[in-house]
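Below: one structure, written as structure tokens.
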Amino acid sequence: MDFALTDDQRAIEDAARAFAAAELAPHSARWDAESHFPVNVLRKAAELGFAGLYVAEDVGGSALSRLDASIVFEQLAYGDVATAAFISIHNMASWMIDRFGGEEIRRRFLPKLTTMEYIASYCLTEPGSGSDAAALSTTARLDGEHYVLNGSKAFISGAGTSDLYVVMARTGGPGPKGVSAIVVEAGTPGLSFGAQEKKMGWKSQPTAMVNFDDCRVPVANRIGAEGDGFRFAMAGLDGGRINIASCSLGGAGLALDTAKAHLETRKQFGNPLKDFQGLAWRFADMATELDAARLMVRRAAHALDAKDPRATQYCAMAKRFATDGGFEVANQALQLHGGYGYLADFPLERIVRDLRVHQILEGTNEIMRVITARELFRQ
């Protein structure tokens, strides 16, 4: 068992850290305050290969491992959690096309996705089906060489800005085997968007409803075989859970470092805060929890790369542990700052707001417990 990163992984980590420091961190507070979606910066990230991290090289991807991608997302989130999380979503949509799509659809879309000339959104959740994703009701009725889509998707990152929407829609009967994955292109008649949601965090990325009203999409835009879409969506979520857990590591890492600097410089009763044992112990526990979470996330990423039969269990466990733990580290860092932590002059209140949603998306942490228990009882 070797916990050290390879030389290549260190180089990937250094590149992601340098990009985050130069292009994300200096603007993070403004993007949050102005709800600005930094598309130009996303395309700069794509120039480094971050928009097709585990997409094949023949269509412009980087062909990296899930462990490599986890390292990248942790560093990007240290610079800005919300932007890193959107890059994760884009990667998940691109990977589904690459992994399960035929050659025609791969070559039509992926070269532009890996440069982020095209931006992609992932559309699974609906107003009436969140945790019970297989109950989705958006329909895709076959009509000659087209599907006619009707229904709505909720909480979609990138809605109204993205160029492509990877949509899970019902082409058959009830249950997961009646679901197919279809790429809907921006500008398709019948595709529309709701008002931008007013959110607690993730303010630098747009979020809205995606609506389909007799939206005609070519059959050629279907990913893989009809009826396999739900399986593809769930496979994508295993990786998505590693990514969002990695984003929690990055945000919590910035919170931990911010708390460390505060404990070293802030004085009360004539002594720096780090000299008060209660505060020092709390800081030590925060660092320990974050380190444990990182080990779990990297084990899950390694299991997914190795096609370990326990990969789904490990991904669920790591996502639950890292997103709960990351939020708690950020919240404790805010507490250690006292009233200053509550001010927007410090990054902590923004990190707390951004990390909170990680306990909900890519499957709520309650569902992560359901998955973990189910997998354990199968063994």
Side-chain angles (χ1 to χ4, degrees), residues 46 49-66 69 87-124 133-134 136 138-151 153 156 158 162-173 175-191 210 212 215-240 243 304-305 307 311:
F50 296 159
L53 285 165
Y54 28 82
V55 169
E57 293 176 304
D58 67 320
V59 285
S62 300
L64 297 180
S65 70
R66 294 291 183 164
I87 295 173
S88 164
I89 294 165
H90 175 91
N91 270 272
M92 183 164 63
S94 298
W95 174 82
M96 284 182 65
I97 296 172
D98 184 46
R99 174 68 178 81
F100 301 112
E103 281 303 298
E104 190 277 333
I105 196 171
R106 288 180 70 249
R107 297 193 179 280
R108 183 153 48 102
F109 291 132
L110 286 168
K112 292 183 178 181
L113 287 170
T114 54
T115 62
M116 270 191 157
E117 179 182 344
Y118 282 178
I119 294 172
S121 291
Y122 174 90
C123 303
L124 174 62
L136 65 88
T138 295
T139 59
R141 175 179 56 83
L142 188 61
D143 181 21
E145 293 300 312
H146 290 78
Y147 287 108
V148 180
L149 275 67
N150 283 282
K153 297 293 180 178
I156 304 304
S162 290
D163 303 282
L164 301 177
Y165 299 85
V166 177
V167 179
M168 270 46 74
R170 190 162 301 286
T171 53
K177 293 184 179 180
V179 176
S180 298
I182 300 168
V183 178
V184 180
E185 300 171 69
T188 301
L191 173 66
V210 178
F212 310 97
C215 184
R216 294 181 65 85
V217 180
V219 171
N221 283 24
R222 189 186 67 222
I223 301 171
E226 194 170 276
D228 281 345
F230 192 77
R231 178 170 63 86
F232 300 162
M234 294 302 101
L237 283 176
D238 274 347
N243 294 349
L304 198 58
D305 287 328
K307 297 181 172 57

Pairing residues for Asp305 by the side-chain contact (heavy atoms from CB on, under 4.5 Å) criterion, not counting sequence neighbours: Ser65, Arg66, Leu67
Residue pairs passing the side-chain hydrogen bond (donor to acceptor under 3.5 Å, both in side chains) test with at least one member in residues 92-101, sequence neighbours excluded, are Asp98-Arg106
4.5 Å side-chain heavy-atom contact, Val217 and His146: no
Would you give the length of the straight line joining atom SG of Cys123 to atom CD1 of Ile182, rounded to the nearest 0.5 angstrom? 11.5 Å
What pairs with Met92 under side-chain contact (heavy atoms from CB on, under 4.5 Å), at least two apart in sequence or on another chain? Tyr122, Leu237, Glu362
Looking only at heavy atoms, the pair that brings Thr115 and Lys112 closest together is OG1-O, 3.2 Å
Under 3.5 Å, is there a donor-acceptor pair between the side chain of Asn91 and the main chain of Leu53? yes
Taking all non-hydrogen atoms of both residues, which atom of Leu124 and which atom of Leu136 are closest, and how far apart? CD1-CD2, 4.0 Å
List the residues meeting side-chain contact (heavy atoms from CB on, under 4.5 Å) with Arg107, not counting sequence neighbours, and say none if there are none. Asp58, Val59, Glu103
Check against side chain to side chain contact (heavy atoms under 4.5 Å, CB included), Arg170 and Thr138: CA-CA 6 Å; Arg170 190 162 301 286; Thr138 295; over 6 Å; no
Any idea which heavy atoms bring Met168 and Ala233 closest together, and the distance? CG-CB, 3.9 Å
Separation between CG of Leu164 and OH of Tyr118, rounded to the nearest 0.5 Å: 6.5 Å
Minimum-distance pair of heavy atoms, taken over all atoms of Phe212 and Leu191: CE2-CD1, 3.7 Å
For His90 and Ala51 the tightest heavy-atom approach is CD2-O, 3.3 Å
Taken to the nearest 0.5 Å, the spacing of Tyr54 OH from Leu304 CG works out to 9.5 Å
Nearest-0.5 Å distance, CD1 of residue Ile97 to CZ of residue Phe232: 12.0 Å
So how far is it from Cys215 SG to Asn150 CG, rounded to the nearest 0.5 Å? 8.5 Å
Is the shortest side-chain heavy-atom distance between Leu149 and Val184 below 4.5 Å? yes
Contacts of Thr114 that satisfy side-chain contact (heavy atoms from CB on, under 4.5 Å) - sequence neighbours left out: Val55
Ser121 versus Ser162, closest heavy-atom pair with distance: OG-OG, 2.7 Å
Table please: side-chain donor-acceptor pairs of residues 219-231 below 3.5 Å, with sequence neighbours left out.
{"unit_1": "Asn221", "atom_1": "OD1", "unit_2": "Arg108", "atom_2": "NH1", "d": "3.1"}
{"unit_1": "Asn221", "atom_1": "OD1", "unit_2": "Arg108", "atom_2": "NH2", "d": "3.0"}
{"unit_1": "Asn221", "atom_1": "ND2", "unit_2": "Val183", "atom_2": "O", "d": "2.8"}
{"unit_1": "Asn221", "atom_1": "ND2", "unit_2": "Glu185", "atom_2": "OE2", "d": "3.2"}
{"unit_1": "Arg222", "atom_1": "NE", "unit_2": "Gly224", "atom_2": "O", "d": "2.8"}
{"unit_1": "Arg222", "atom_1": "NH1", "unit_2": "Tyr147", "atom_2": "OH", "d": "2.9"}
{"unit_1": "Glu226", "atom_1": "OE1", "unit_2": "Tyr147", "atom_2": "OH", "d": "2.4"}
{"unit_1": "Asp228", "atom_1": "OD2", "unit_2": "Arg231", "atom_2": "NH2", "d": "3.4"}

